[in-house]
Amino acid sequence: MGVVLGTFSVHTKQVDYRRRDKIDDELEMTMVCHRPEGLEQLEAQTNFTKRELQILYRGFKNECPSGVVNEETFKHIYAQFFPHGDASTYAHYLFNAFDTTSNGSIKFEEFVMGLSTLLRGTLRDKLEWTFHLYDINNDGYINREEMTEIVRAIYDMMGKYTYPALKGDVPKQHVDAFFQKMDKNKNGVVTLEEFVVACQEDEMMMRSMQLFENVM
Ligand SMILES: [Ca+2]
Ligand SMILES: [Ca+2]
């Protein structure tokens with residue numbers, strides 16, 4: 001999660017440590033001008049406080065003055081964090097996972113809903129979110145092609161220079177290992193339940209999941 005959040009944690013620190021009152025005033029002004037719909041409702045729907053939502057909103061507006069994130073912006077932000085790799089494919093899938101209305105842009109509301117799950121959700125919530133990220137065609141199953149796509153995208157993002165040990169056929173080995181453990185009934189697809197069970201019962205798998213979490 002460090003990546004998307006990196007941008008926002010900076011703003012949080014600024015608000016925490018620098019001229020709090022002045023920035024609070026400024027924040028209030030910003031909120032008056034660009035108040036997202038139903039902040040109270042968002043507070044109820046997420047695991048963030050109203051103040052946290054205000055701070056997140058300020059960061060969001062700084063990065064995306066138009067009030068929505070499009071895929072290009074998302075890719076641009078990701079590229080900065082992975083200068084040695086090609087993050088565009090992974091950013092594409094991640095964008096789709098945040099864009100719950102599938103209209104090609106992420107509103108603040110969608111952004112904080114995703115963030116709330118990934119940062120403050122239960123383990124089950126996080127695993128469900130990750131499952132939907134991997135289920136590219138959204139049919140309720142992760143098939144081998146989807147898993148291959150995602151693993152390859154992560155490897156591309158990390159880049160050959162960062163991880164020189166990663167070579168050509170490693171993604172396939174990784175996918176085979178995932179599938180062997182997750183596809184309990186050996187029918188060639190992984191359901192949400194298979195995914196959750198496999199992640200929870202296997203410490204290695206969980207560690208690997210957390211590795212992936214770090215790049216979200
Ligand atoms: Ca699928
Ligand atoms: Ca299965």
Side-chain angles (χ1 to χ4, degrees), residues 1-83 86-121 125-126 128-138 150 153 157 212-216:
M1 275 311 304
V3 175
V4 171
L5 288 185
T7 311
F8 292 96
S9 62
V10 170
H11 296 297
T12 311
K13 275 204 185 96
Q14 283 174 349
V15 171
D16 281 347
Y17 299 118
R18 285 192 212 163
R19 299 172 301 161
R20 180 179 282 266
D21 290 343
K22 186 163 191 286
I23 287 174
D24 278 357
D25 290 346
E26 211 179 303
L27 215 157
E28 293 304 323
M29 288 293 291
T30 308
M31 295 311 296
V32 170
C33 297
H34 310 285
R35 189 181 294 275
E37 284 172 42
L39 204 61
E40 285 78 11
Q41 197 187 334
L42 266 185
E43 191 185 9
Q45 288 172 339
T46 66
N47 299 311
F48 294 119
T49 65
K50 193 170 176 181
R51 171 148 293 261
E52 286 172 325
L53 287 168
Q54 288 173 335
I55 291 167
L56 282 169
Y57 187 67
R58 185 174 165 77
F60 189 86
K61 287 294 286 189
N62 275 349
E63 294 300 317
C64 315
S66 65
V68 295
V69 185
N70 62 28
E71 191 169 328
E72 285 313 306
T73 309
F74 214 74
K75 285 180 178 174
H76 179 69
I77 293 171
Y78 257 70
Q80 295 174 337
F81 285 97
F82 296 95
D86 177 1
S88 60
T89 309
Y90 189 74
H92 168 75
Y93 294 130
L94 204 54
F95 180 88
N96 288 346
F98 271 99
D99 179 16
T100 50
T101 53
S102 303
N103 67 344
S105 63
I106 301 171
K107 283 188 302 184
F108 177 68
E109 287 81 351
E110 289 174 301
F111 182 70
V112 289
M113 290 293 283
L115 218 53
S116 172
T117 301
L118 289 169
L119 287 180
R120 305 243 173 110
D125 292 340
K126 290 177 185 178
E128 279 188 26
W129 200 93
T130 309
F131 181 87
H132 291 304
L133 170 69
Y134 287 18
D135 177 14
I136 296 168
N137 68 1
N138 209 21
I150 294 286
M157 177 168 66
F212 287 152
E213 256 184 45
N214 288 335
V215 297
M216 275 177 202

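In what follows, residues are counted from 1 in the order of the sequence shown. Owing to the predicted nature of the structure, the values given are computational and were not obtained by experimental measurement.
- One finds the NZ atom of Lys50 at 11.0 Å from the CG atom of Leu42 (value rounded to the nearest 0.5 Å).
- Partners of Ser102 according to the side chain to side chain contact (heavy atoms under 4.5 Å, CB included) rule, which considers only residues two or more places apart in sequence or in another chain, do not exist here.
- Between the CD1 atom of Ile106 and the CG atom of Asn96 there is a distance of 8.5 Å, given to the nearest 0.5 Å.
- More than 12 heavy-atom neighbours from other residues, nucleotides or ligands sit within 6.0 angstrom of NE2 on His92.
- Annotation: the span from Phe60 atom CZ to Leu115 atom CG amounts to 10.5 Å, rounded to 0.5 Å.
- The side-chain hydrogen bond (donor to acceptor under 3.5 Å, both in side chains) test applied to Ser116 returns Asn47, not counting sequence neighbours.
- Remark: Gln45 engages no residue in a side-chain hydrogen bond (donor to acceptor under 3.5 Å, both in side chains) (not counting sequence neighbours).
- Separation of atoms CG (Leu56) and CZ (Arg51) is listed at 12.0 Å; rounding is to 0.5 Å.
- Under the side chain to side chain contact (heavy atoms under 4.5 Å, CB included) criterion, Glu128 pairs with Arg124, Leu192, sequence neighbours left out.
- Listed by chain and number, the residues in a side-chain hydrogen bond (donor to acceptor under 3.5 Å, both in side chains) with Asn103 are Thr101 (sequence neighbours excluded).
- With sequence neighbours excluded, the residues that form a side-chain hydrogen bond (donor to acceptor under 3.5 Å, both in side chains) with Asp86 are Ser88.
- The salt bridge (charged side-chain N to carboxylate O under 4.0 Å, His left out) search around Glu72 returns none, not counting sequence neighbours.
- For the ring pair (Phe, Tyr, Trp, His ring centres under 6.0 Å) test, residues two or more places apart in sequence or in another chain that qualify with Phe95 are Phe74.
- Residues meeting the salt bridge (charged side-chain N to carboxylate O under 4.0 Å, His left out) test with Glu43, sequence neighbours left out: none.
- Rounded to the nearest 0.5 angstrom, Leu94 CG and Thr89 OG1 are separated by 12.0 Å.
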| task | Apply side chain to side chain contact (heavy atoms under 4.5 Å, CB included) to the pair Glu52 and Thr49, showing each step before the final yes or no. | result | CA-CA 5 Å; Glu52 286 172 325; Thr49 65; 3.3 Å; yes
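- Judged as a salt bridge (charged side-chain N to carboxylate O under 4.0 Å, His left out), and not counting sequence neighbours, the contacts of Lys75 are Glu71.
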| task | Would you check, one step at a time, whether the test side chain to side chain contact (heavy atoms under 4.5 Å, CB included) holds for Phe98 with Glu110? | result | CA-CA 6 Å; Phe98 271 99; Glu110 289 174 301; 5.8 Å; no
| Do Lys107 and Met113 pass the side chain to side chain contact (heavy atoms under 4.5 Å, CB included) test, and can you show the C-alpha distance, the side-chain angles, and the key distance before you say yes or no? | CA-CA 10 Å; Lys107 283 188 302 184; Met113 290 293 283; over 6 Å; no
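- Cys64 contributes atom SG, which lies 11.0 Å from atom CZ of Phe108 (distance to the nearest 0.5 angstrom).
- Here the side chain of Asn70 pairs no donor or acceptor atom with the backbone of Ser105 at under 3.5 angstrom.
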| Test log, rule ring-ring contact (aromatic ring centres under 6.0 Å, His included), inputs Trp129 and Tyr134 | CA-CA 9 Å; Trp129 200 93; Tyr134 287 18; 9.8 Å; no
